[in-house]
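Contents: one structure, followed by commentary.
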Amino acid sequence: MDRSDLERLLGDIAAVRIAVLGDYCLDAYWFLDPAGAELSLETSLPTHAVRTQRYSLGGAGNVVMNLRAMGVRHVAAFGVIGADPFGQHMLNLLREQHVNAAGMLRQREQWDTHVYAKPYLHDAEQHRVDFGNFNALSDEIAHALVHALRTRLSDFDAVIINEQVASGMHRSPTFQRLLASLIADYPAMLFVLDSRHCSDRYPGTIRKLNDHEAARLCGGTRDYDEPFRHDEACALAETLGQRWGSPVFVTCGARGCLVYDAHRLHVVPGLRISGPTDPVGAGDSVVAGITAALAAGRDTLAAATLGNFAAGVTVQKLFQTGTPSPEEILAIAENANYVYPPDLSGDAG
């Protein structure tokens, strides 16, 4: 994709309309400073003093942020929050980004807003504090959430379905059944699924997943720090594409992305990044770029290329779930230094 093609694509995605249904999370960054610590009078234990704090949208919220940063003007959020201050702050962040948050429903019992609180000491992340690990979606909210999307489906060109956490909405069999029925009722709608645990449960979607998730679906497992050979990753993409009968995007970390579509396999090589990187949220950038490009009428290869550029931008943003602007995407594309693995042709390496 040359610069003019990329510029036209970035211009076209501004007009697409995308709904994001999924596990909305809040990332809390607490930067500690021992200089402010003291002994608790109640326990005589040392306290942790927070010098600065920052909150950003994670999970499906980060997908939304990526879409908005890329220039997509019409984005709507569908998800669940708890009756807690974190949920209200999440709504505030969405509205600050001019995201339609009418589809964010509040469940008052058995649901806490998903929050990942990350204390940092001297730039090193300490033990994380998680909220929402014991959530249970009620049948009432499951029906209300899918109904809310169904009634507004004609307002959108595409729907991104995000599944991020084991204790999220997709844990509910009722929600799974209702969402699968919605997808089946609208075969012409573009549904893009990015799921850690449910990729096999929503027929009729275009899937984006990473190589380790693909391996698990094909009956294999591997440690996350152990990469796949190129031919292995290609076989996974082909197997799943043939199984599902729809396009499949398989990301391979720093080595880029594979696309299996209509019995053809495309390779989008990774970008060589100098300096420190943070992969948190890179997958959200990829699925945002893929969906925006598909909704704008581009083919799967162009979609994967945009997603690859978007992730290349965001991994360079530390201590945040970063987002890519059109200018940053154009810049990284202009100076792209691709990682061509020695086994790109399919040979073992």
Side-chain angles (χ1 to χ4, degrees), residues 18-29 55-68 75-82 86-87 89-91 93-94 99 101 103-105 107 111-118 128-137 141-142 145-146 149 159-173 175-176 179 191-202 205-214 216-217 224 249-251 253 278-291 307 310-311 314-315 320-323:
I18 299 178
V20 181
L21 168 71
D23 294 325
Y24 281 78
C25 307
L26 196 64
D27 289 316
Y29 296 88
Y55 298 86
S56 61
L57 293 166
N62 191 45
V63 178
V64 164
M65 294 294 287
N66 274 267
L67 291 169
R68 292 289 294 126
V75 182
F78 293 82
V80 185
I81 59 174
F86 289 125
H89 191 60
M90 182 181 290
L91 293 179
L93 290 175
L94 288 168
V99 173
M104 295 296 293
L105 306 185
Q107 181 171 313
W111 194 277
D112 293 319
T113 303
H114 289 287
V115 180
Y116 299 104
K118 306 172 183 180
R128 201 175 72 192
V129 180
D130 295 351
F131 298 79
N133 288 2
F134 305 98
N135 286 347
L137 188 71
I141 294 296
L145 187 58
V146 177
L149 178 58
V159 177
I160 296 175
I161 301 170
N162 159 278
E163 187 267 324
Q164 187 97 7
V165 295
S167 58
M169 63 179 64
H170 297 271
R171 180 183 179 185
S172 162
F175 178 79
Q176 289 186 21
L179 180 56
F191 290 96
V192 180
L193 175 64
D194 185 5
S195 172
R196 291 184 177 179
H197 310 98
C198 301
S199 291
D200 246 346
R201 299 179 189 175
Y202 298 116
T205 59
I206 292 174
R207 277 84 160 184
K208 172 264 167 191
L209 62 167
N210 65 41
D211 45 11
H212 286 82
E213 292 161 350
R216 187 170 63 248
L217 287 163
Y224 260 88
F249 296 81
V250 177
T251 59
D278 182 355
V280 174
D284 300 330
S285 302
V286 173
V287 75
I290 287 171
T291 306
T314 60
V315 298
Q320 59 181 301
T321 43
T323 57

Side-chain heavy-atom pair Thr323, Leu67 within 4.5 angstrom cut-off: no

Minimum heavy-atom distance between Cys25 and Val165, given as atom pair plus value: SG-CG1, 4.5 Å

Rounded distance (nearest 0.5 Å) linking atom CG of Leu57 with atom CG of Asp284: 11.0 Å

Note, Ile141 side chain near Phe175 side chain (heavy atom, < 4.5 Å): no

Residues Ser167 and Asn135: side-chain donor-acceptor under 3.5 angstrom: no

Listed partners of Asn210 passing side chain to side chain contact (heavy atoms under 4.5 Å, CB included), at least two apart: His212, Glu213, Tyr224, Thr251

Donor-acceptor under 3.5 Å (Arg216 side chain, Arg196 main chain): yes

Separation between CG of Leu137 and CG of Leu145, rounded to the nearest 0.5 Å: 7.5 Å

Residue pair His114 / Tyr24, side-chain heavy-atom distance below 4.5 Å: no

Side chain to side chain contact (heavy atoms under 4.5 Å, CB included) involving Ala19 - partner list, sequence neighbours excluded: Phe78, Leu149, Phe156, Val159

From CA spacing to verdict: side chain to side chain contact (heavy atoms under 4.5 Å, CB included), Val286, Phe249: CA-CA 10 Å; Val286 173; Phe249 296 81; over 6 Å; no

Non-hydrogen atoms of Asp194 and Gly283 that approach each other most closely: OD2-O, 3.9 Å

Non-hydrogen atoms of Ala282 and Ala311 that approach each other most closely: O-CB, 3.9 Å

Which residues share a side-chain hydrogen bond (donor to acceptor under 3.5 Å, both in side chains) with Glu163, sequence neighbours left out: Ser195, His197

Counterpart residues, side-chain hydrogen bond (donor to acceptor under 3.5 Å, both in side chains), relative to Ser199 (two or more places apart): none

Nearest atoms (heavy-atom pairs only) where Gly87 meets Ile81: O-CD1, 3.8 Å

Side-chain touch Gln176/Cys198, heavy atoms, less than 4.5 angstrom: yes

Donor-acceptor under 3.5 Å (His170 side chain, Gln164 main chain): no

Listed partners of Tyr55 passing side-chain hydrogen bond (donor to acceptor under 3.5 Å, both in side chains), at least two apart: Trp30, Gln53

Reported CZ-to-OG1 distance for the pair Arg207 and Thr205, which is rounded to 0.5 angstrom: 3.5 Å

side-chain hydrogen bond (donor to acceptor under 3.5 Å, both in side chains) partners of Asp112, counting only residues at least two apart: none

Check: Ser172 side chain, Met169 main-chain N or O, donor-acceptor pair, under 3.5 Å: no

Side chain to side chain contact (heavy atoms under 4.5 Å, CB included) assessment of Leu179 paired with Leu21: CA-CA 10 Å; Leu179 180 56; Leu21 168 71; 3.7 Å; yes

Ser285 versus Asn66, closest heavy-atom pair with distance: OG-OD1, 2.7 Å

Set of residues satisfying ring-ring contact (aromatic ring centres under 6.0 Å, His included) with respect to Tyr116, sequence neighbours excluded: none

Heavy-atom check, side chain of Leu209 versus side chain of Leu217, under 4.5 Å: yes

4.5 Å side-chain heavy-atom contact, Val99 and Val20: no

Rounded distance (nearest 0.5 Å) linking atom NE2 of His89 with atom CG of Leu93: 4.0 Å

Where Val287 and Ile160 come nearest, the two heavy atoms and their spacing: O-CD1, 4.2 Å

Student check: side-chain heavy atoms of Ile161 and Phe191 closer than 4.5 Å: yes

Check: Ala60 main-chain N/O paired with Asp23 side-chain donor or acceptor under 3.5 Å: no

